[in-house]
Amino acid sequence: MTQEAISIRSLNYSYPDGTKALEDVTIKVESGEKVVIIGPNGAGKTTLFLHLNGTIRSLEDNVNVFGKNIGRMATEERIKEVGIVFQDPDDQLFMPTIFDDVAFGPINMGLDEGEVERRVKKALATVGLLGYEDRVPHHMSYGQKKKAALASVLSMEPRILVLDEPTANLDPRSRVDFIRVINDLNKKEGITIVIAMHDVNALPELSDRVYVLNRRVVAEGSPRKIFSDISLLKENNLEAPEVFNLFKVLRCFGYNCDDLPLSMYEAVDVLTKTIEDGNGHIHLHIHEHTHEEVKKIMYSYNHH
Amino acid sequence: MTQEAISIRSLNYSYPDGTKALEDVTIKVESGEKVVIIGPNGAGKTTLFLHLNGTIRSLEDNVNVFGKNIGRMATEERIKEVGIVFQDPDDQLFMPTIFDDVAFGPINMGLDEGEVERRVKKALATVGLLGYEDRVPHHMSYGQKKKAALASVLSMEPRILVLDEPTANLDPRSRVDFIRVINDLNKKEGITIVIAMHDVNALPELSDRVYVLNRRVVAEGSPRKIFSDISLLKENNLEAPEVFNLFKVLRCFGYNCDDLPLSMYEAVDVLTKTIEDGNGHIHLHIHEHTHEEVKKIMYSYNHH
Amino acid sequence: MEYPEIDRYASLKSPIHQFDPRAKIISFSILIFFVVFVNELDIAVINLFFSFILIFISKLPIKFVLNRIKWVLLFVLPFLIIMPFTAGGSELMTIDGIKMTYEGLVLGMLIVLRATSAVMLILTMLATMRFDTTIKALYMLNVPGLLIQMLMFTYRYIFVFLDEFLRMWRAMGSKGFKLKANMYALSMLGNVVGMLIVKSYERADRVYQSMISKGYTGNPKTMVKFNMVAKDYAIAFLLISIAILPYISKVVL
Amino acid sequence: MHISDGVLSSSVIIVGFVITLVLLMITLRCSMKQSDVKEQIPKLSVMAGAFFVASLIHIPVPPTSVHLILNGLMGVVLGVLSYPAIFIGLTLQAVLFQHGGFTTIGINTMNMGIPALLAYGIFKIGYQKGIPLVLIGAISGGLAVFISVIFLAMSLITTGEEFIDIARLIAITHVPIVIIEAIVTGSVVAFLAKVKPELLPIDMER
Ligand SMILES: Nc1ncnc2c1ncn2[C@@H]1O[C@H](COP(=O)(O)OP(=O)(O)OP(=O)(O)O)[C@@H](O)[C@H]1O
Ligand SMILES: Nc1ncnc2c1ncn2[C@@H]1O[C@H](COP(=O)(O)OP(=O)(O)OP(=O)(O)O)[C@@H](O)[C@H]1O
Ligand SMILES: [Mg+2]
Ligand SMILES: [Mg+2]
């Protein structure tokens with residue numbers, strides 16, 4: 001039986017200056033799930049995450065983690081459940097060395113020295129930064145800093161990992177590395193993952209389910225369902241992954257398949273399957289409506 | 001006859017602390033061209049740009065703009081030639097209101113009030129921020145701040161526009177808007193564009209020619225040439241655009257064409273052309289080596 | 001931590017909001033200096049009353065005003081409580097053998113009255129216009145350009161750094177850190193402050209670069225348009241005379 | 001720590017403004033000699049903003065809380081430019097938050113700024129003597145606030161003899177602040193020495 005890792009019911013929040021950031025937000029995440037939250041700049045994603053680590057406290061009992069109300073948890077208990085990695089690694093690395101930074105959480109949890117060291121080692125190994133203990137964060141590359149920030153949260157061994165824009169600003173190589181680390185944590189350690197991001201091309205690999213947030217929860221469902229809804233994307237400043245858009249174009253050329261792929265991996269699978277299921281081949285041609293349909297797709301691609 | 005907008009010859013630069021940032025860099029940009037510079041984090045892209053606005057002065061006569069040595073130009077002259085938009089908009093919006101920020105350059109150029117106002121209006125209109133004159137930067141969203149930073153440089157009406165990571169951190173809609181604004185400036189106003197960025201999916205639309213920088217100039221050529229060189233990409237933490245990778249996969253399935261498309265637009269053109277040139281159709285199937293070839297591509301996609 | 005938004009209510013409409021910024025700054029500054037140097041209790045009371053009326057006319061929300069006055073009261077109330085017992089002078093009464101003096105009480109009350117009037121005047125002056133307008137008005141009043149620029153740039157970056165600091169602070173909080181007055185917590189605090197300074201220093205470099213690329217020469221140049229009309233001169237004259245009237249009458253009579 | 005309006009006598013207020021104006025001119029002129037105005041102004045302003053934000057941090061000291069002052073640290077990091085930075089910071093605190101007064105900007109700047117300049121001197125001397133950086137940082141930070149408190153008390157006492165007792169009381173309540181400032185400044189200095197030593201007035205060749 002799956003258990004509810006996060007349950008948020010009808011959450012409202014306004015900043016002191018009156019900005020309404022969240023309105024009647026209801027979100028449920030099962031234990032072991034990977035959920036991505038997307039939405040335009042200023043949609044309230046970061047604000048939502050601030051509720052999960054006690055920075056903002058809801059007055060009602062409507063933010064629960066593993067069945068317990070987060071507002072009533074002691075700090076020590078809460079940080080064992082939820083670890084949050086914010087967008088800018090420089091905001092999270094404030095100690096003189098990487099070791100100190102990764103040890104910061106465990107020390108605050110009151111663990112003994114041996115355990116702190118074990119956890120630092122393990123966290124650094126997970127992100128691939130073993131041997132960097134004595135480095136000054138300031139002298140590392142952006143991608144390395146991002147990994148260090150992740151390690152500094154992993155060392156608290158939380159059951160839920162919340163990530164705010166994990167792939168932003170990374171060079172292509174570091175981005176791929178980072179995605180792999182997150183997926184490994186989910187698969188091998190069973191950690192529940194919640195991510196907010198704008199990087200739609202990375203989304204399919206990182207999510208079982210998607211919420212579209214724009215102050216309210218505007219939509220919920222599988223990545224395929226969300227990206228197939230053109231008007232939803234348009235209204236929320238979103239875009240489908242390139243692969244998905246490209247297969248829409250292929251469809252205009254007579255490619256015939258129900259489920260369009262969202263990522264390169266899926267593309268390979270779908271192509272193979274379509275060919276094998278069909279008569280051993282796919283036939284592309286220009287039919288009566290091809291140009292018109294293509295025009296429509298390209299228009300919504302560029303002008304939404 | 002085309003004229004050389006930027007000509008940099010054998011430029012070397014080391015930071016005072018000894019970090020060698022640029023080594024024997026030679027770059028030429030024709031007037032009206034769009035050139036993108038890519039390379040891993042720490043490659044020296046930002047350092048290179050600092051030479052174009054007089055922040056760092058080369059002791060030799062090797063940085064020229066429209067045939068004139070930049071070190072010997074007066075400030076007023078220089079800012080009419082080159083406008084630089086840096087990555088973080090908060091670094092560039094240092095005045096209390098958007099109007100003041102956009103008017104800052106023109107006022108420093110010694111223009112009269114009427115002209116300053118005309119230019120502010122025009123620059124804000126170009127980026128779509130008319131009506132935001134009295135707004136304070138800290139009440140604007142990230143995407144809006146990015147546009148304001150661009151406007152604050154456009155108001156100087158420079159002949160060359162240099163952009164450091166213009167699409168980073170933008171939501172998909174704002175990103176598309178931004179790309180369009182830059183392309184319009186190039187096409188309609190004939191402004192020469194030089195961009196440094198990691199966003200390879202946006203690259204094909206933004207560049208006629210690409211330089212790969214990694215302290216030295218590692219490669220130069222059309223986007224297609226650069227992205228076709230797998231070992232070059234690997235050595236420089238780069239990645240080809242998704243569309244390009246996907247067509248490589250299609251090729252394994254028997255798709256036959258010399259020039260793989262780099263963007264959605266090209267994809268449509270290439271598909272149409274291939275079908276029309278062929279026997280009116282494209283035939284995809286699984287041949288002897290399909291699986292093996294696909295595996296190779298996917299491996300380099302994920303593990304480079 | 002709150003945002004330094006003194007001008008949150010600058011968009012309200014009131015006679016004081018419409019008063020020309022330069023005339024406002026000059027006449028209120030005169031008023032403030034006048035108010036803090038008053039030595040007569042009765043005039044201090046009248047001044048307080050006068051400041052109340054101005055606040056009332058300005059339509060600033062009462063909660064906002066109280067929130068701002070709070071800090072000043074916290075500073076001056078101890079004077080009111082302690083001065084009567086510590087200042088020398090004629091005895092007013094004795095509580096449990098501790099002498100309370102008349103002079104001390106008057107001084108304490110004067111301090112509280114003067115401070116409260118002054119802060120209300122400052123609020124009425126600054127909260128009724130956007131802060132950028134205030135800076136530009138100072139520029140028009142020929143305040144040295146160096147200071148104008150420093151005020152302008154510093155003001156802008158306070159918001160940037162406040163956000164930056166709050167993000168770091170949250171990240172620490174989410175790792176179980178609690179600020180207490182002990183050695184460990186304070187030295188951790190030292191790290192965050194250090195980080196804030198390092199980041200600001202690097203940003204300072206980048207800001208400088210972007211100013212250079214816009215032709216910055218070190219001279220302030222801004223475009224401002226204020227037009228002072230007869231009404232503004234009249235209000236300025238009126239304000240100052242009303243304030244000084246009781247004082248003059250007392251001295252003359 | 002920052003004196004509000006309505007407490008001090010006119011002569012103290014005027015003296016405060018005069019001294020602050022003179023010191024502003026001297027410190028600005030002094031640093032302009034070393035490098036360009038157009039480079040100093042933006043950098044100084046941005047750093048002043050950072051210190052402004054740092055000084056908003058409240059530390060709970062039961063039954064109340066105190067906020068950081070950091071004038072010693074400003075002295076160590078900014079050198080002579082700490083004086084104008086403190087002036088700008090206090091002006092903005094007065095007008096944006098109504099912390100400290102409007103007529104007292106001169107005297108308050110003097111009370112905070114002169115100790116900052118002294119802290120700069122102490123730090124440099126201590127460093128040359130080879131005292132460990134953390135220690136000399138702590139001393140500079142603690143001492144700067146201590147001297148500020150003395151200055152504050154003196155401004156009150158100069159206003160009138162009636163203020164002697166309350167000045168003493170204010171001085172005593174500031175003891176914990178001196179200790180807190182010493183610890184925080186010491187650890188900031190240690191941090192900077194590791195991460196960005198060029199921010200400290202030390203010779204990195206050694
Ligand atoms: N401290 C604050 N005070 C007032 N309003 C705020 C504050 N922080 C955020 N906001 C506002 O609340 C809304 C939600 O902001 P939030 O940062 O949660 O958005 P987001 O979805 O994370 O956006 P992004 O994709 O740009 O990171 C925005 O309108 C923002 O301007
Ligand atoms: N002020 C500085 N002092 C010393 N070294 C520096 C300084 N600024 C940059 N560097 C170093 O110079 C090299 C080039 O840096 P630069 O910022 O130009 O890279 P970049 O290509 O812009 O990288 P990114 O993609 O991360 O923006 C890097 O190794 C960097 O660490
Ligand atoms: Mg966010
Ligand atoms: Mg860069």
Side-chain angles (χ1 to χ4, degrees), chain B residues 46-47 49-50 52-57 74-114 116-117 120 134-140 145 149 152-153 155-156 158 162 164, chain C residues 2-8 10-11 21 126 129-139 145 148-167 199-225:
Chain B
T46 302
T47 310
F49 286 180
L50 292 178
L52 293 176
N53 77 338
T55 311
I56 303 180
R57 289 194 182 200
T75 307
E76 291 76 14
E77 193 185 356
R78 195 190 61 229
I79 61 181
K80 266 186 230 165
E81 305 288 5
V82 190
I84 303 201
V85 186
F86 294 96
Q87 179 177 359
D88 187 344
D90 279 324
D91 294 341
Q92 289 152 93
L93 305 173
F94 38 76
M95 301 288 278
T97 69
I98 294 301
F99 179 90
D100 294 328
D101 264 312
V102 182
F104 188 88
I107 291 174
N108 280 324
M109 293 165 85
L111 301 175
D112 65 58
E113 269 191 38
V116 170
E117 264 186 59
V120 172
D134 281 339
R135 290 282 282 273
V136 285
H138 59 264
H139 283 164
M140 308 215 316
K145 280 197 271 192
S152 77
V153 167
S155 61
M156 297 186 284
V162 179
D164 204 352
Chain C
E2 56 179 325
Y3 282 88
E5 289 194 296
I6 180 77
D7 53 3
R8 188 181 300 166
S11 55
L126 294 169
M129 54 186 164
R130 289 246 311 242
F131 194 69
D132 54 281
T133 311
T134 307
I135 297 177
K136 282 171 199 160
L138 289 173
Y139 173 69
I148 296 291
Q149 294 181 69
M150 290 199 292
L151 276 177
M152 203 146 67
F153 300 150
T154 307
Y155 174 69
R156 164 76 182 107
Y157 284 101
I158 285 172
F159 291 90
V160 175
F161 294 142
L162 204 52
D163 284 337
E164 206 160 69
F165 179 78
L166 285 175
R167 286 199 302 267
K199 286 172 79 169
S200 318
Y201 179 78
E202 288 171 354
R203 189 183 289 279
D205 264 340
R206 299 196 303 266
V207 171
Y208 168 64
Q209 285 159 8
S210 93
M211 285 188 181
I212 289 295
S213 62
K214 290 180 197 168
Y216 176 71
T217 53
N219 298 317
K221 289 173 193 156
T222 338
M223 259 170 64
V224 258
K225 271 180 273 156

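Hydrogens, waters and symmetry mates are skipped; everything else that's a heavy atom, side chains included, is used. Every value quoted in this text rests on a predicted model; they were computed, and no experiment measured them. By convention in this document, chain letters (A, B, ...) are assigned in the order of the sequence lines, proteins followed by strands, and residues within each chain are numbered from 1.
Residues C/Arg130 and B/Val136 are in side-chain contact: their nearest non-hydrogen atoms beyond the backbone lie under 4.5 Å apart. At a threshold of 4.5 Å between non-hydrogen side-chain atoms, the residues B/Asn108 and C/Met211 do not count as touching. Contact check for B/Phe86 versus C/Arg206: no side-chain heavy atoms found under the 4.5 Å cut-off.
Scanning for side chain to side chain contact (heavy atoms under 4.5 Å, CB included) contacts around B/Lys145 gives B/Pro89, B/Asp90, B/Leu93, B/Met140, with sequence neighbours left out. Every residue two or more places apart in sequence or in another chain that forms a side chain to side chain donor-acceptor pair (under 3.5 Å) with C/Arg203 is listed here: B/Asp88, B/Asp91, C/Glu164.
For B/Met156, the part sitting under 4.5 Å from any heavy atom of chain C is the side chain, from C-beta outward, and nothing else. Using a 4.5 Å cut-off between heavy atoms, C/Phe131 does not touch chain B at all. The contact between C/Phe153 and chain B is made by backbone and side chain atoms together, counting heavy-atom distances below 4.5 Å. Looking at B/Ser155, there are no atoms closer than 4.5 Å to chain C (heavy atoms on both sides), in backbone or side chain.
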Practice item. Take B/Thr97 and C/Lys136 through the side-chain contact (heavy atoms from CB on, under 4.5 Å) test and state the conclusion after the steps. Key: CA-CA 11 Å; B/Thr97 69; C/Lys136 282 171 199 160; 4.1 Å; yes
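Residue B/Pro96 comes nearest to C/Asp132 through the heavy atom pair CB-CB, 3.3 Å, listed as atom of the first residue, atom of the second, then distance.
To the nearest 0.5 Å, atom CZ of residue B/Arg78 and atom CD1 of residue C/Ile212 are 7.0 Å apart. Rounded to the nearest 0.5 Å, atoms OG1 (C/Thr133) and CG (B/Asp134) are 8.0 Å apart.
Taking the six-membered ring where tryptophan is involved, the planes of C/Tyr216 and B/Phe104 are essentially parallel, since the angle between them stays under 30° and well short of 60°.
At distances below 3.5 Å, not a single donor-acceptor pair connects side-chain atoms of C/Lys214 with backbone N or O atoms of B/Asp101.
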